[in-house]
Q: 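One structure is given below, represented as structure tokens, and several questions about it will come after.
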Amino acid sequence: MPALIVGNWKMNGLGDDIAEIAQMAAAGAGNGARSLWIAPPFTLIDRSVIVAAGAVKIGGQDCHVKQSGAHTGCVSAAMLADLGAGFVIVGHSERRRDKAESDADVRAKATAGCAAGLEVILCIGETRDQRGAGQTNDVLTSQLAGSLPDDAEALIIAYEPVWAIGTGLIPTLDDVASAHAHIRANLVARYGPAGYGVRVLYGGSVTPANASELLRVSEVGGVLVGGASLTAQSLLAITAAPP
Ligand code: PEP
């Protein structure tokens with residue numbers, strides 16, 4: 001399965017930054033062996049879909065659990081799909097931390113994303129303290145048990161150690177392999193053979209300099225990239241990282 005490279009722009013990007021996505025699309029990103037997906041802020045999704053011209057898949061960074069209703073300021077998965085988005089990220093650690101999202105919330109969002117016809121990138125990962133206490137696998141098991149939707153068909157998991165996000169720190173490659181093997185075992189236990197078909201991404205301080213070694217790790221089906229996804233130059237360097 002060719003690697004999937006996903007950029008998460010978080011709360012970054014104004015109209016002028018659409019040019020970066022146009023540049024990624026023009027460079028043929030997504031047409032080669034590796035697919036490129038970008039989650040810009042909600043305000044840029046419709047314009048991004050136009051300039052991405054099908055070469056780069058555009059997605060949302062979050063969605064509400066309901067399709068519509070009295071939820072001021074919220075965006076539903078159906079609204080994302082209506083704008084031309086093809087995927088949604090749920091359960092990012094910044095939302096678990098800043099918005100107190102629980103595993104149950106994440107599960108409901110993942111279910112809503114699937115119901116709207118979106119592919120769903122569900123994020124899990126341990127904190128620094130949890131890793132220090134030797135609890136990484138237990139945390140991953142517990143997050144998966146609480147947040148996996150019933151249907152695995154449109155599901156992608158992103159393993160993102162919280163302590164690696166935006167810090168410049170990454171786990172050892174052995175630790176990445178171990179976490180991914182553990183996630184795979186959980187997915188197969190939950191979904192049976194379909195669990196082998198769920199792609200698992202690594203995320204946390206991925207850069208052009210470390211992308212190759214991370215993408216070579218067993219069970220790593222791609223990367224979720226924050227800071228290094230904001231410019232075409234940097235993200236294209238990750239998509240072009242030697243296999
Ligand atoms: C992220 O927020 O999903 C992420 C991986 O960020 P960064 O690449 O900046 O660590």
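Just so you know, ligand 1 is whichever comes first in the structure, and atom 1 is the first atom listed for that ligand. The structure displayed is predicted, hence computed values, not measured ones.
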Q: Starting from atom 1 (C) of ligand 1, find the nearest protein heavy-atom neighbour and note its residue, name and distance.
A: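 The answer is His92 NE2, 3.2 Å.
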Q: Which residue and non-hydrogen atom of the protein lie closest to atom 8 (O) of ligand 1, and at what distance in Å?
A: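 Atom 8 (O) of ligand 1 sits closest to the protein heavy atom Gly226 N, 2.8 Å.
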Q: Identify the closest protein heavy atom to atom 2 (O) of ligand 1: which residue and atom is it, and at what distance?
A: Lys10 NZ, 2.5 Å
Q: Provide the number and element of each atom of ligand 1 under 4.0 Å from a heavy atom of Gly204.
A: 5 (C), 10 (O)
Q: Any N or O of Gly166 that comes nearer than 3.5 Å to an N or O of ligand 1?
A: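 N/O-N/O distance under 3.5 Å: yes.
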Q: So, regarding Ala228 and ligand 1 (criterion: nitrogen or oxygen to nitrogen or oxygen, under 3.5 Å), is there a contact or not?
A: no
Q: Please confirm whether Ala164 approaches ligand 1 to less than 4.0 Å, judged on its heavy atoms.
A: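 Yes, Ala164 has heavy atoms under 4.0 Å from ligand 1.
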Q: If only side-chain N and O atoms count, and only distance matters, is there a donor-acceptor pair under 3.5 Å linking His182 with Thr141?
A: yes
Q: To check your reading of the model: name the closest protein heavy atom to atom 3 (O) of ligand 1, its residue, and the distance in Å.
A: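 Result: Glu160 OE2, 2.7 Å.
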Q: Is the closest side-chain donor-acceptor distance between Asp175 and Thr172 under 3.5 Å?
A: yes
Q: Suppose we screen for side chain to side chain contact (heavy atoms under 4.5 Å, CB included). Which residues come up paired with Val51, at least two apart in sequence or across chains?
A: Ile18, Ile21, Ala22
Q: Can you sort out which atoms of ligand 1 are near Leu224, meaning under 4.0 Å from one of its heavy atoms?
A: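 Reading through ligand 1 atom by atom, the close ones are 3 (O), 5 (C).
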Q: If you measure every N/O of Gly227 against every N/O of ligand 1, is any gap under 3.5 Å?
A: yes
Q: Between Trp163 and Glu126, do the side chains contain a donor N or O and an acceptor N or O under 3.5 Å apart?
A: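 Yes, side-chain donor-acceptor contact under 3.5 Å.
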Q: Decide, yes or no, whether a salt bridge links Lys57 with Glu119 under the criterion of side-chain N to carboxylate O below 4.0 Å.
A: yes
Q: Any link between Leu215 and Leu235 through a network of hydrophobic side chains (Ile, Leu, Val, Met, Phe, Trp, Tyr) touching at under 4.5 Å?
A: yes
Q: Check the side chains of Glu219 and Tyr159 for a donor-acceptor pair under 3.5 angstrom, ignoring hydrogens and angles.
A: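 No pair is found: no donor N or O on one side chain lies under 3.5 Å from an acceptor on the other.
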Q: Apply salt bridge (Lys or Arg N to Asp or Glu O under 4.0 Å) to Arg199 and list each qualifying residue two or more places apart in sequence or on a separate chain.
A: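 Applying salt bridge (Lys or Arg N to Asp or Glu O under 4.0 Å) to Arg199 gives none.
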Q: At a 4.0 Å cut-off, with the gap strictly under it, does some heavy atom of Ser205 reach an atom of ligand 1?
A: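 For ligand 1, residue contact (heavy atoms, under 4.0 Å) with Ser205 is present.
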